[in-house]
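Values in this document were obtained by computation on a predicted structure and should not be read as measured data.
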Amino acid sequence: MSETEALDTHLQELRRGTAVLACLRLLERPGYGYGLLEELSARGFETDANTLYPLLRRLEKQGHLTSEWNTDEARPRKFYRTSAAGSRLAAALTDDFHSIAAAIDALPQED
């Protein structure tokens, strides 16, 4: 495996863990899948649909998201929103993320 491929693999693993937190925080305001993909991308969380939609279904099944269908438009869309349990999870993950970031910042770094 080349150095570039290794870096890409590790970056993907790192980002996968932050996708849950990003979704929970962004969906404090209701949103649908495609709009969430665009917002994640605009904020630097590159995610593809094949990753996002299973994640949304899993978070909903776990009780961290709620959903409802909007049938007011020509094409029905499923809107998601962070549940109370999801908000508590997001708060805990955010705190832990900050702790991890501080611990990483305190590690020695080669110049």
Side-chain angles (χ1 to χ4, degrees):
M1 176 182 290
S2 74
E3 201 170 312
T4 301
E5 290 170 327
L7 176 61
D8 288 345
T9 298
H10 290 293
L11 287 174
Q12 184 179 21
E13 289 176 15
L14 184 62
R15 289 180 182 135
R16 188 175 295 134
T18 60
V20 169
L21 179 55
C23 287
L24 290 173
R25 290 186 53 169
L26 288 172
L27 290 172
E28 289 290 337
R29 294 185 332 261
Y32 61 100
Y34 185 75
L36 183 59
L37 268 175
E38 289 181 330
E39 190 164 3
L40 286 166
S41 178
R43 293 173 178 265
F45 294 91
E46 292 302 324
T47 306
D48 65 23
N50 292 330
T51 299
L52 181 65
Y53 290 105
L55 172 64
L56 294 175
R57 287 191 294 274
R58 181 171 52 89
L59 289 171
E60 183 179 20
K61 185 177 180 181
Q62 293 171 344
H64 300 299
L65 294 178
T66 60
S67 68
E68 60 185 62
W69 285 96
N70 179 352
T71 56
D72 294 341
E73 299 174 18
R75 184 172 166 222
R77 294 193 291 183
K78 189 174 188 178
F79 279 77
Y80 294 90
R81 182 180 194 115
T82 303
S83 67
S87 292
R88 289 189 299 274
L89 176 60
L93 292 175
T94 298
D95 289 346
D96 200 49
F97 182 85
H98 288 301
S99 295
I100 291 168
I104 289 171
D105 285 342
L107 293 172
Q109 183 174 346
E110 188 176 314
D111 293 327

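Between Glu38 and Arg43, none of the side-chain N atoms (NZ, or NE/NH1/NH2) sits under 4.0 Å from a carboxylate O, so this pair counts as no salt bridge. A salt bridge links Glu39 with Arg29: the closest approach of a Lys/Arg side-chain nitrogen to an acidic carboxylate oxygen falls below 4.0 angstrom.
Here the options are Val20, Thr82, Leu56, Leu24, the test is side chain to side chain contact (heavy atoms under 4.5 Å, CB included), and the partner is His64; only Leu24 passes.
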| request: Report the C-alpha separation of Ser41 and Glu46 in whole Å, then their side-chain angles, then the decisive distance to 0.1 Å, and conclude whether the side-chain hydrogen bond (donor to acceptor under 3.5 Å, both in side chains) test is met. | output: CA-CA 5 Å; Ser41 178; Glu46 292 302 324; 3.3 Å; yes
| Could you go step by step and tell me if Thr51 and Asp48 meet the side-chain hydrogen bond (donor to acceptor under 3.5 Å, both in side chains) rule? | CA-CA 5 Å; Thr51 299; Asp48 65 23; 2.9 Å; yes
| Would Arg81 and Ser67 satisfy side-chain hydrogen bond (donor to acceptor under 3.5 Å, both in side chains), going step by step from the backbone distance to the final call? | CA-CA 6 Å; Arg81 182 180 194 115; Ser67 68; over 6 Å; no
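Taking CG of Leu40 as the reference point, atom SG of Cys23 lies at 5.0 Å (rounded to 0.5 Å). Taking CG of Leu27 as the reference point, atom CG of Leu65 lies at 6.0 Å (rounded to 0.5 Å). One distance of note links CZ of Arg15 with CZ of Phe45; it measures 10.0 Å at 0.5 Å rounding. To the nearest 0.5 Å, the span separating CG on Leu89 from OG on Ser83 amounts to 8.5 Å. Interatomic distance, CZ of Arg77 versus CH2 of Trp69, reported as 11.0 Å (0.5 Å rounding).
Counting only heavy atoms from C-beta outward, the side chains of Thr18 and Phe97 approach each other to under 4.5 Å.
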